[in-house]
Amino acid sequence: MDVNFIFRIGAIGILITVVSQVLIRAGREDVATLATLAGLIVVLMMVVNMISEFFESIRVMFSLE
């Protein structure tokens, strides 16, 4: 696993937290919730992609078809 991947997830988390807090202070709790969900979905897609690459490398390593 690449260290940059962990930093990307952390940066997305910090960014979404700041956006969410600004939106909550502005009285837009519904939009803040949507922003948080969007950030969660982006991170989950990144993790799923990495897991997919992991299983693909295992398949190639053991020559499973």
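Residue numbers start at 1 and run along the sequence shown.
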- Does F62 share a hydrophobic cluster with F55, counting links as ILVMFWY side-chain heavy atoms below 4.5 Å and allowing steps through other members? yes
- Query: For the residue pair A35 and I16, what are the closest heavy atoms and their distance?
  - Reply: O-CD1, 3.7 Å
- Task: Kindly work out whether a path of hydrophobic side-chain contacts (I/L/V/M/F/W/Y, heavy atoms less than 4.5 Å apart) joins V31 to V19.
- Result: yes
- Atom CG in L37, atom CG in L40: separation rounded to 0.5 Å? 6.5 Å
- Using the rule that two of Ile, Leu, Val, Met, Phe, Trp, Tyr join whenever any of their side-chain heavy atoms come within less than 4.5 Å, decide whether F54 and M46 are in one cluster. yes
- Task: Decide yes or no for I9 and V47: does some side-chain heavy atom of the first lie under 4.5 Å from some side-chain heavy atom of the second?
- Result: yes
- Query: Is there a chain of hydrophobic side chains (I, L, V, M, F, W, Y, each step under 4.5 Å between heavy atoms) that links I51 to M61?
  - Reply: yes
- Item | Gap between atom CD1 of I24 and atom OG1 of T36 - 0.5 Å precision | 7.0 Å
- Message: Could you check whether any side-chain N or O of S52 sits under 3.5 Å from a backbone N or O of V48, counting only pairs where one atom can act as donor and the other as acceptor?
- Response: no
- Item | From S20 atom OG to E29 atom CD, the distance as rounded to the nearest 0.5 Å | 9.5 Å
